[in-house]
Amino acid sequence: MTKTRCLFWHRKDLRINNNIGLAKAIRKDHFTFGVYILDPLILESKIQNQKISPAKEWFIYKSLLELEKNWLNKNHSKLYILKGNPLNIIPKLAITLKINKVFWNINIEPYERGRDLEVENKLNLLGIETFKYWDNLIMEPENIKSKENKPYKIFTPFKNNWIAQYSSHQNYNKKDNNKISMNLDYDSKKELKKVDLVLKDDSENAKKIIKDSINKSFFESSDSCPCIPGEQKSNLQLEDFFNSGAIYNYFLTRDVPYQKQTSKISAGLNIGTISIRRAWKLSEQLKLDCSNNSIIKSINVWQNELIWREFYQHSLYHFPELAKGAFRKSWENFPWENNYKWIELWERGLTGIPIIDAAMRELKHTGWMHNRCRMIVASFLVKDLICDWKFGENIFMKYLVDGDLAANNGGWQWGASSGVDTKPLRIFNPHTQTKKFDPLTKYIKRWIPELSNVSTEDLIRGSIGDPERRGYPNPIINHNYQQSKFKEIYKNFKRNLH
């Protein structure tokens, strides 16, 4: 029997196992090849004006090199890594390899959806079939809607429906944890050499970008980033979070940044070295094996974070305008003060407010920031410095190893009260937050070593004497004054809407 030639297009699914689209592409009656494309529009920051951070580049490229080896080690097949416009590269590769079918997993960002539709149309005109699957979400967006068949704008009813739907349908692939066997029996080396020649420039350009990026990456020569690239190590990190017992106390420790008790799998979920379904399934199994109510509560709280991830992904899918600005349109006219000097000091970790500066320094040094700290620094930029949340959104993407449009945008609009699931005067007092979540100021002293000799009480209050500062700046604002000012601006803003 003549085998069908297939192509699987990797995007945010840089793994072999637990990959729905790839599993569908790899069958006994298929020859299957893989491709990953370095898209210049994304690399050169022409989408959303958000360049991929150096940390995320490093994470993607390291994971990609492992993925390439996995394809090669399984033998008789190949992953092509190419640079160019997917609209041109995918049809070119499909024609060169004499492909009959192209498979990929669905992405939800507006640019991705538009790009994929164009690629699909072009392939179909060439007589090539396309197949698309939901892989990076547990529940498909069209399946979680209100009784009025509308997308949810509030998290709690979304969560309740999500859990009910999951419990009712068990909406995941029950074979999801199985490993794929890539026995493709394709050994036409002569033909593949011809293909390599046709794709030489696209391939060499991609390899140069990857090599140069990894060689110059700070993260390659340090262990500063807590997120570990590659399918194998990312999944070991996930398993260690469960096996070490870190999840058992998650409810109590997740908001304490210096304890390092979170899973650190956000980057793996973002680029797909980890399957979201596998993460959920492992946590479900842990609950089934446990009779301790406190541990079950912690697992539920961790799972709640995965549902928040789904909520933001679904929100961006249903409301793509979120990527361009405020969901609540009135907030586009909010009278932000946008003091650019303050924004710069906030980004550099030099505001003189210790918990803010510690968090921003962690971000710049590691490419990652603890979630509690993300909420604190976001509130500070928007409701203390009274600066547009879009500055913070872009600056986060500039550094984050786990930079994800849906999650980052959702988090910033949550903090700014401009998006879905809003509370208008959600304001975090940085001093109160320090006292509650960094009571011994270990986190602050870890990232601001010049303050290591300052007493915990003074650090919490922010009352640091000049001799103790050792070059650390005075606070650029007074929280109580700025909080009152923001509330007054907000009050006038609301009044003018009516």
Side-chain angles (χ1 to χ4, degrees), residues 12 42-43 45 47-60 109-111 218-219 224-227 257 262 264-271 305 308-309 311-313 315-316 322-327 331 336 338-340 342-351 353 355-421 426 428 430 433 443 447:
K12 293 178 178 176
I42 296 175
L43 293 174
S45 188
I47 305 299
Q48 297 282 132
N49 197 30
Q50 292 179 335
K51 180 173 171 53
I52 294 177
S53 73
K56 186 172 180 179
E57 267 192 2
W58 165 79
F59 194 98
I60 289 174
E109 294 182 12
Y111 166 69
F218 160 77
F219 301 99
S224 62
C225 182
C227 301
T262 56
K264 313 294 193 306
I265 63 169
S266 50
L269 289 176
N270 173 242
I271 72 154
E305 296 303 311
W308 266 107
R309 176 185 181 273
F311 177 61
Y312 284 141
Q313 295 277 327
S315 296
L316 184 58
L322 284 166
K324 295 181 179 179
F327 176 72
W331 280 85
W336 304 109
N338 292 337
N339 183 318
Y340 292 98
W342 284 0
I343 294 171
E344 178 190 355
L345 292 173
W346 175 85
E347 179 180 355
R348 294 172 61 193
L350 294 172
T351 67
I353 310 294
I355 191 66
I356 304 298
D357 296 337
M360 294 305 294
R361 293 183 189 191
E362 178 187 32
L363 173 62
K364 294 185 72 173
H365 185 76
T366 70
W368 187 85
M369 187 192 292
H370 190 280
N371 190 59
R372 169 57 55 176
C373 296
R374 296 188 197 204
M375 292 189 285
I376 298 170
V377 300
S379 175
F380 184 80
L381 179 71
V382 174
K383 292 171 179 175
D384 280 55
L385 303 187
I386 315 178
C387 294
D388 193 334
W389 60 270
K390 297 187 197 74
F391 288 105
E393 179 190 20
N394 287 330
I395 289 170
F396 263 33
M397 291 296 278
K398 180 178 172 182
Y399 296 107
L400 282 172
V401 68
D402 58 3
D404 175 86
L405 175 58
N408 189 49
N409 179 278
W412 274 97
Q413 294 219 46
W414 182 88
S417 306
S418 65
V420 293
D421 201 88
R426 185 185 278 126
F428 288 15
Q433 292 286 306
Y443 178 74
W447 293 109

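- Atom CD1 of residue Ile386 and atom CG of residue Leu381 lie 10.5 Å apart, to the nearest 0.5 angstrom.
- The residues Glu344 and Arg348 are annotated as salt-bridged, a charged nitrogen and a carboxylate oxygen being separated by less than 4.0 angstrom.
- Atom CG in Asp388 sits 8.5 Å away from atom OG in Ser418 (nearest 0.5 Å).
- Taking the side chain as every heavy atom from C-beta outward, Trp414 and Trp308 approach each other to under 4.5 Å.
- Asn270 contributes atom CG, which lies 9.5 Å from atom CG of Leu400 (distance to the nearest 0.5 angstrom).
- Asn338 places no side-chain N or O within donor-acceptor distance of the main-chain N or O of Cys387, the cut-off being under 3.5 Å.
- A 4.5 Å side-chain heavy-atom check between Leu316 and Pro110 finds at least one atom pair inside the cut-off.
- Aromatic pair Phe59/Phe219: centroids not less than 6.0 angstrom apart.
- In this structure, SG in Cys373 is found 9.0 Å from CD in Gln433, a value given to the nearest 0.5 Å.
- Looking only at distances, a side-chain donor or acceptor of Gln413 sits under 3.5 Å from a matching main-chain atom of Phe327.
- Taking OH of Tyr111 as the start and CD1 of Ile42 as the end, the distance is 5.0 Å to the nearest 0.5 Å.
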Step by step, work out the side-chain contact (heavy atoms from CB on, under 4.5 Å) result for Asn394 and Met397.
CA-CA 5 Å; Asn394 287 330; Met397 291 296 278; 5.6 Å; no
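- The nearest pair of heavy atoms linking Glu57 to Leu43 is OE2-CD2, 4.5 Å.
- Between Trp389 and Ala326, the shortest heavy-atom contact is CZ2-N, 3.7 Å.
- Leu363 contributes atom CG, which lies 9.5 Å from atom CD1 of Ile395 (distance to the nearest 0.5 angstrom).
- For the residue pair Thr262 / Lys264, a side-chain donor-acceptor distance below 3.5 Å is found, with atom types taken as modelled.
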As a quick check of understanding, evaluate side-chain contact (heavy atoms from CB on, under 4.5 Å) for Trp412 and Lys390, giving each step before the final call.
CA-CA 8 Å; Trp412 274 97; Lys390 297 187 197 74; over 6 Å; no
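- Taking the side chain as every heavy atom from C-beta outward, Thr351 and Trp342 never approach each other to under 4.5 Å.
- For the residue pair Cys227 and Ser266, the shortest heavy atom distance occurs at SG-OG, 4.2 Å.
- Residues Arg361 and Trp447 share a closest heavy-atom pair of CD-O, 3.4 Å.
- Looking at Ser315 and Leu322, their side chains come closer than 4.5 Å, going by heavy atoms from C-beta outward.
- Side-chain atoms of Ser224 do not come within 3.5 Å of backbone N or O of Thr366 as any donor-acceptor pair.
- Contact check on Asp402 versus Lys12 returns no salt bridge, with no Lys/Arg side-chain nitrogen under 4.0 Å from an Asp/Glu carboxylate oxygen.
- Between Ile355 and Ile376, some side-chain heavy-atom pair lies under the 4.5 Å cut-off.
- The side-chain heavy atoms of Arg426 and Met375, taken from C-beta on, include no pair separated by under 4.5 Å.
- Listed for the Trp331 side chain is a donor-acceptor partner under 3.5 Å among the backbone atoms of Ser417.
- Contact record, Ala359 with Tyr443: CA-OH, 3.2 Å, taken as the closest heavy-atom pair.
- Annotation: side chain of Glu393 is in contact with side chain of Leu405 (closest heavy-atom distance under 4.5 Å).
- Ring-plane geometry between Trp368 and His370 is classed as perpendicular, the angle between the planes exceeding 60 degrees on a 0 to 90 degree scale with a lower cut at 30.
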Passes side-chain contact (heavy atoms from CB on, under 4.5 Å), Leu345 versus Asp357? Steps please.
CA-CA 9 Å; Leu345 292 173; Asp357 296 337; over 6 Å; no
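- In summary, Glu347 and Lys398 engage in a salt bridge, as defined by a charged side-chain N under 4.0 Å from a carboxylate O.
- Checking side-chain atoms of Lys56 against main-chain N and O of Tyr399 turns up no donor-acceptor pair under 3.5 Å.
- Ring centroids of Trp346 and Phe380 are separated by 6.0 Å or more, keeping the two rings apart.
- Val401 and Ala267 make their closest contact through O-CB, 3.8 Å (heavy atoms, listed as atom of the first residue, atom of the second, distance).
- Contact annotation: the side chain of Val377 approaches that of Met369 to within less than 4.5 Å [non-hydrogen atoms, C-beta and beyond].
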Verdict with supporting geometry, Cys225 and Trp58, side-chain contact (heavy atoms from CB on, under 4.5 Å)
CA-CA 10 Å; Cys225 182; Trp58 165 79; 4.0 Å; yes
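- Inspection of the Asp404 and Gln313 side chains reveals an N or O donor paired with an N or O acceptor under 3.5 Å.
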